[in-house]
K.L.:
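Structure below; questions to follow.
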Amino acid sequence: MPEGHTLHRLAVQIDAAFVGAPWRVSSPQGRFAAGAQLLDAQTPRRAEAWGKHLFVHLDPQTWHVHLGLYGAFTFRGVPGFATAASIGAPRSRTAALEPEYQEDGWLLPEPPRGAVRARIQAQHGWADLRGPVTCAVLEPPEYQAVIQRLGPDPLRQPAETIDPQAREAFLENLSRRRISIAAALMDQAVIAGVGNIYRAESLFEERLAPDTPSNQISQERAEALWGRITEQLRTGVTEGVIRTLRGKSARRHWIYKHQGTECLRCGETIAARELAGRRLFWCPGCQLD
DNA sequence: CATCGATGTTTAA
DNA sequence: TAAACCTCGATGC
């Protein structure tokens with residue numbers, strides 16, 4: 001589930017579990033050996049999410065992680081060390097840990113299983129990172145370069161409010177592009193944190209046709225879309241999964257992966273097609289403009 | 001046991 | 001536009 005909500009949950013959890021005390025960093029798989037050596041024994045100062053990017057700030061460097069399609073962190077430790085056992089792409093649940101401490105007072109970690117790019121360890125637990133598309137140590141100018149390419153992230157607005165500046169930046173980005181709204185929402189320079197599921201579900205709830213040119217959407221509709229995405233992402237952070245559909249069924253989404261079935265709002269058959277290498281889902285019956 | 005597919009991005013053609 | 005990256009649960013035989 002690595003859309004924006006996942007990374008914000010991850011930042012919160014890493015902050016709670018690792019920030020403020022020296023950590024141990026290794027790369028059991030070996031592909032991050034040099035970076036791990038730079039981070040090892042440092043004290044992480046702050047974890048931050050921006051869109052689908054995770055940054056853990058040390059001094060003066062920054063650990064940069066992007067989970068991509070199938071990256072994930074798994075957490076293990078004493079009870080209370082971490083709330084979620086795994087954050088990122090789906091991972092099987094593991095059995096409860098039998099805590100055992102080493103002579104130095106640190107929890108004895110289990111041997112890494114599979115391809116663990118990075119293991120970060122605190123005194124009472126650890127986390128393993130598998131399958132990220134990005135795992136790198138950045139110097140301050142490199143960090144600046146990464147965030148300069150990112151558009152506004154709805155989850156960086158103050159809690160329960162809309163930041164007019166961020167929303168305005170989104171509107172400005174839409175108006176300056178001659179691409180469809182479906183393409184624009186996937187462009188992390190337009191809005192950071194939206195992926196294929198939030199794209200489908202937000203356009204559906206706003207009744208926006210995916211092929212509408214982004215620069216032809218009225219200010220009112222664009223502001224409503226920003227508000228809708230904000231609400232959906234915040235629900236994702238709270239629940240840990242993307243849920244746009246409320247109700248008694250286990251079904252979470254209005255249209256994502258429900259092509260060929262009846263739209264729950266208008267009864268028309270939900271459609272799907274390929275757009276820029278990703279599946280696009282929409283309802284031709286009620287997403288009309 | 002083999003193959004497929006996925007919430008994503010970068011690079012090459 | 002296509003392929004590569006890289007992991008693993010789900011699916012199929």
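Being a predicted model, the structure only gives us computed values, none of them experimental. The chains referred to below are lettered A, B, ... by the order of the sequence lines, with proteins before strands, and numbering in each begins at 1.
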K.L.:
Can you tell me, in whole Å, how much space there is between the P of dG9(C) and that of dT9(B)?
P.N.:
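Looking at atom P only, dG9(C) and dT9(B) are 23 Å apart.
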K.L.:
Could you check whether His124(A) and Tyr101(A) have their ring centres less than 6.0 Å apart?
P.N.:
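Yes; His124(A) has its ring centre under 6.0 Å from that of Tyr101(A).
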K.L.:
Over how many whole Å does the gap from Glu274(A) atom CD to dT1(C) atom P extend?
P.N.:
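In whole Å, dT1(C) P and Glu274(A) CD are 11 Å from each other.
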K.L.:
Test the Arg221(A)-Trp226(A) pair against the cation-pi criterion, namely NZ or CZ under 6.0 angstrom from the six-membered ring centroid and within 45° of the ring axis.
P.N.:
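No, Arg221(A) does not lie over the aromatic ring of Trp226(A).
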K.L.:
May I ask you to evaluate whether Lys52(A) reaches the phosphate of dT7(B), defined as a side-chain N or O under 4.0 Å from OP1 or OP2?
P.N.:
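Checking dT7(B) against Lys52(A), no side-chain N or O comes under 4.0 Å of OP1 or OP2.
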K.L.:
Just N and O in the side chain of Tyr256(A): are any of them under 4.0 Å from OP1 or OP2 of dT7(B)?
P.N.:
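Looking at the OP1 and OP2 atoms of dT7(B), one of them is under 4.0 Å from a side-chain N or O of Tyr256(A).
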K.L.:
In whole Å, I'd like the distance from the CG atom of Leu10(A) to the P atom of dT7(B).
P.N.:
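Going from CG in Leu10(A) over to P in dT7(B) covers 20 Å.
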K.L.:
Give a yes/no answer on whether the side chain of Arg279(A) brings an N or O atom under 4.0 Å of OP1 or OP2 in dA6(B).
P.N.:
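For dA6(B), OP1/OP2 do not have a side-chain N/O of Arg279(A) under 4.0 Å.
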K.L.:
Separation of Ile229(A) atom CD1 from dT7(B) atom P, in whole Å?
P.N.:
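Atom CD1 in Ile229(A) sits about 17 Å away from atom P in dT7(B).
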K.L.:
For a quick check under 3.5 Å, do Gln29(A) and Arg117(A) share a side-chain donor-acceptor pair by atom type?
P.N.:
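Note: Gln29(A) and Arg117(A) side chains meet the donor-acceptor criterion.
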K.L.:
Please tell me which of the listed nucleotides, dC5(C), dG8(B), dT10(B), lies nearest to the side chain of Glu3(A)?
P.N.:
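The nucleotide sitting nearest to the side chain is dG8(B).
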K.L.:
Rounded to the nearest Å, what distance is computed from the CG atom of residue Leu185(A) to the P atom of nucleotide dT7(B)?
P.N.:
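Atom-to-atom, Leu185(A) to dT7(B), this comes out as 15 Å.
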K.L.:
Kindly say if Arg117(A) contacts the phosphate of dC5(C), meaning a side-chain N or O under 4.0 Å from OP1 or OP2.
P.N.:
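Arg117(A) to dC5(C) OP1/OP2: no side-chain N or O under 4.0 Å.
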K.L.:
According to a strict under-4.0 Å criterion, is Arg278(A) in side-chain N/O contact with OP1 or OP2 of dT7(B)?
P.N.:
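The answer is yes; a side-chain N or O of Arg278(A) sits under 4.0 Å from OP1 or OP2.
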K.L.:
Between CZ of Arg207(A) and CG of Asp289(A), what distance do you get to the nearest 0.5 Å?
P.N.:
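It comes to 10.0 Å.
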K.L.:
Taking atom C1' in both dG5(B) and dA3(C), what distance in whole Å separates the two?
P.N.:
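Roughly 16 Å separates the two C1' atoms.
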K.L.:
So which nucleotide from dT7(B), dG8(B), dT7(C) ends up closest to the side chain of Ile197(A)?
P.N.:
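Nearest listed nucleotide: dT7(B).
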K.L.:
Just compare dT9(B), dT7(B), dA6(B) and give me whichever is closest to any side-chain atom of His66(A).
P.N.:
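Of the options given, the side chain of His66(A) lies nearest dT9(B).
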K.L.:
Got a second to check how far Gln219(A)'s CD is from Glu223(A)'s CD, nearest 0.5 Å?
P.N.:
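Reported value, rounded in 0.5 Å steps: 4.5 Å.
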K.L.:
Looking at every non-hydrogen atom in both residues, tell me the closest pair between Pro44(A) and Ala21(A) and how far apart they are.
P.N.:
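Minimum heavy-atom separation between Pro44(A) and Ala21(A): CD-O, 3.4 Å.
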K.L.:
How far, in whole Å, is dC8(C) from dT10(B) if one measures between their P atoms?
P.N.:
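Between the two P atoms, the distance is 22 Å.
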K.L.:
For Asp187(A) and dT9(B), give me the distance from atom CG to atom P, rounded to whole Å.
P.N.:
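Between P of dT9(B) and CG of Asp187(A): 10 Å.
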K.L.:
Could you tell me how far dA13(B) sits from dC5(C) if I compare only their P atoms? Round to whole Å.
P.N.:
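Nearest-Å result for dC5(C) against dA13(B) at atom P: 13 Å.
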K.L.:
Could you check how far CG of Leu7(A) sits from C1' of dG8(B), rounded to whole Å?
P.N.:
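Checked: the CG to C1' distance equals 11 Å.
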K.L.:
For Gln29(A), report the nucleic acid contact type (base, sugar-phosphate, nothing); a contact means any heavy atom under 4.0 Å.
P.N.:
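Sugar-phosphate contact only.
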K.L.:
I need the CE-C1' distance between Met186(A) and dT9(B), as an integer number of Å.
P.N.:
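It works out to 10 Å between those atoms.
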K.L.:
When all nucleic acid strands are considered with a 4.0 Å heavy-atom cut-off, which category describes Arg199(A): base, sugar-phosphate, or nothing?
P.N.:
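Nothing: the residue Arg199(A), judged by heavy atoms under 4.0 Å, touches no strand.
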K.L.:
Atom NE2 of His53(A) and atom C1' of dT7(B): how far apart are they, to the nearest Å?
P.N.:
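Rounded to whole Å, this separation is 14 Å.
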K.L.:
Identify, between Arg130(A) and Leu69(A), the residue whose nearest nucleotide on DNA chain C lies closer to the 5' end.
P.N.:
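Here Leu69(A) is the residue nearer the 5' end.
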K.L.:
Once you apply the 3.5 Å cut-off to both distances, tell me the Watson-Crick or G-U wobble partner of dT7(B), or none.
P.N.:
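Its partner is none (no Watson-Crick or G-U wobble pair with both distances under 3.5 Å).
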